[in-house]
Amino acid sequence: MLKQFVPSDFCLKCQGCCRFARNPGIWAPAGCRLVRKNGEYICANLREDNHCEAYSCHPLDCQLYPFLLVRHGNSLRLGLHRACSFITEHRPQGTALKGYIDYLKERLQTDDIILALQNNPEIAADYRQDVEIIADVSDLLNAGEFGLRQLTIEDKPLVESYLQKNKTNVSSYHFAGIFIWSGLYKIFWTIIQDNLCIFYSDAIGMFMPIPPLGVPPGEETILRCFELMNSRNQNNEISRIENVSETDLKYYEQSGFKAKLKDKEYLCLRDAIAKLSGEAFKHKRASYNHFKKNYKAQVLKYNDSLCQDCLSLYRLWMKERKGKFSDSIYQQMLEDSFVSFETALKFYEKLDLIGYAVKIDGKIRACSFGYALNEETFCVLFEVCDLECKGAAQFIFSEFCQKLSGYKYTNIMGTSDLKNLEKLKLSYRPAEEVALHAIYQ
Ligand code: SF4
Ligand code: SF4
């Protein structure tokens, strides 16, 4: 049952609901029998004393009212019926109204409501008169058709149970690697034939950031994923499955899907970065030593009290990087990455992230964050520093690797096809490259 917005004592004195001018009509609740009486149609559940005979299990549209699900074509919106006597009299606004709308938006995503909508699609109708549109809930349409659910932090155990079946050194095979992009994309999941399928959706369209997780996906699963994405995308070229590694390509190529090399991630030997010894690292070592000699730095394990300082540092670092590299793709990448950085810090503990910050004279001048992909590989997700502080980048990376003893590899992520990033990553002498493909229909 939904919490009611209008107090019941107000409704009991009002005659605005449960009586309808037309039958059939869009205002009558789903599944209710209407009885003709005094020129109007009255719900058979309405008692003489104005109580609802079926109150403990009355239909979803009755529970929602004066809120409505308004369907116009492919969109689904939450509306408020301004003609309701309570709304007309009290004109609710501000936090009380917003709080209830937030509550409704969250409740609409839950299983019982999704099921009720699937069983009674007429609950969502083309309401127009006196209806104020207050929120877009079009995602519920996907839920109905493909069982899509919006990914929340609470879904972490479920996603992890599937990730365990797919051991890999690819950075996106971690709940944090998927979830940190929730500020840029709406993230959905569904189960198709024992595979957990995850989708990113934005104004451009929908794609899968990683292949279906679980058992190796069969052709039917992959086809169903493309069917879902194609139903959302105006251009089917947007529909794709990203981050497919070389070893998994066979499942797709056997079924005639097209693969395109999109990126590669680099795996460094953690111990080599921790030590920075030998000819190969002499420049990095010199920078590290310069930093040690010239700055009195403290290396701190990250905690929430450092959040604002780390965000400010990111902004400074982004400004410095943007000033140095004019490539518009790189500049957009920095902006997007900031959104994911904010999400990562907000959910730091819940995402099992590990982070360190370098403090000099009371100021955070470098920080780095990552997560364990498996017992062999740790992934460094973010590394930002004040570029004025010579050697800070080499220092924090090496220090971080020193603290990660036990891991063989440090994944330093991909380059997004950007030459400046490729040059930087290769300068750490990666031991392995992992080629990543995107799959198209
Ligand atoms: S019109 Fe509004 S106030 Fe009147 S019974 Fe319906 S919900 Fe209650
Ligand atoms: S089910 Fe109850 S609340 Fe809904 S229209 Fe009928 S009497 Fe009114």
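In each ligand, atom 1 is the first atom listed, and ligand 1 is the first ligand listed. Every value quoted in this text rests on a predicted model; they were computed, and no experiment measured them.
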Shortest protein contact, atom 4 (Fe) of ligand 1 (heavy atom only): Cys14 SG, 2.4 Å
Can you pull out the closest protein heavy atom to atom 6 (Fe) of ligand 2? Residue, atom name and distance to 0.1 Å, please. Cys43 SG, 2.3 Å
Counting each atom of ligand 1 from 1 as listed, which ones have a heavy atom of Phe86 under 4.0 Å away? 3 (S)
What are the atoms of ligand 2, with element, lying closer than 4.0 Å to any heavy atom of Leu46? 7 (S)
Looking at side-chain heavy atoms only, is the closest gap between Glu242 and Tyr200 below 4.5 Å? no
Reported CG-to-OH distance for the pair Leu151 and Tyr185, which is rounded to 0.5 angstrom: 14.5 Å
Would you indicate whether the side-chain heavy atoms of Phe175 and Asp352 approach each other to under 4.5 Å? no
Which ligand 2 atoms, with their elements, are less than 4.0 angstrom from a heavy-atom of Asn45? 1 (S), 6 (Fe), 7 (S)
Are Phe199 and Cys197 close enough that some pair of their side-chain heavy atoms sits under 4.5 Å apart? yes
Within-shell test, Cys32 vs ligand 2, heavy atom, strictly < 4.0 Å: yes
Minimum heavy-atom distance Asn233-Met206, with the two atoms named: OD1-N, 2.5 Å
Part of Pro59 within contact of ligand 2 (heavy atoms, under 4.0 Å): side chain
Per-atom contacts, ligand 2 versus Cys62 - under 4.0 Å to a heavy atom: 1 (S), 3 (S), 4 (Fe), 5 (S)
Do me a favour and list the nearest non-hydrogen protein atom to atom 8 (Fe) of ligand 2 with residue, atom name and distance? Cys18 SG, 2.3 Å
Just wondering, do Glu220 and Gln193 contact through their side chains at under 4.5 Å, heavy atoms? yes
If you look at every heavy atom in Ala357 and Ile396, which pair is closest and at what distance? CA-CD1, 4.5 Å
Is the His437 to Tyr252 ring centre distance short of 6.0 Å? no
What residue and atom, counting heavy atoms only, is the protein's closest point to atom 5 (S) of ligand 2, and at what distance? Pro29 CG, 3.5 Å
the protein heavy atom lying closest to atom 2 (Fe) of ligand 2 turns out to be Cys52 SG, 2.3 Å
When distances are taken from atom 3 (S) of ligand 1, the protein heavy atom at minimum range is Phe10 CD2, 3.5 Å
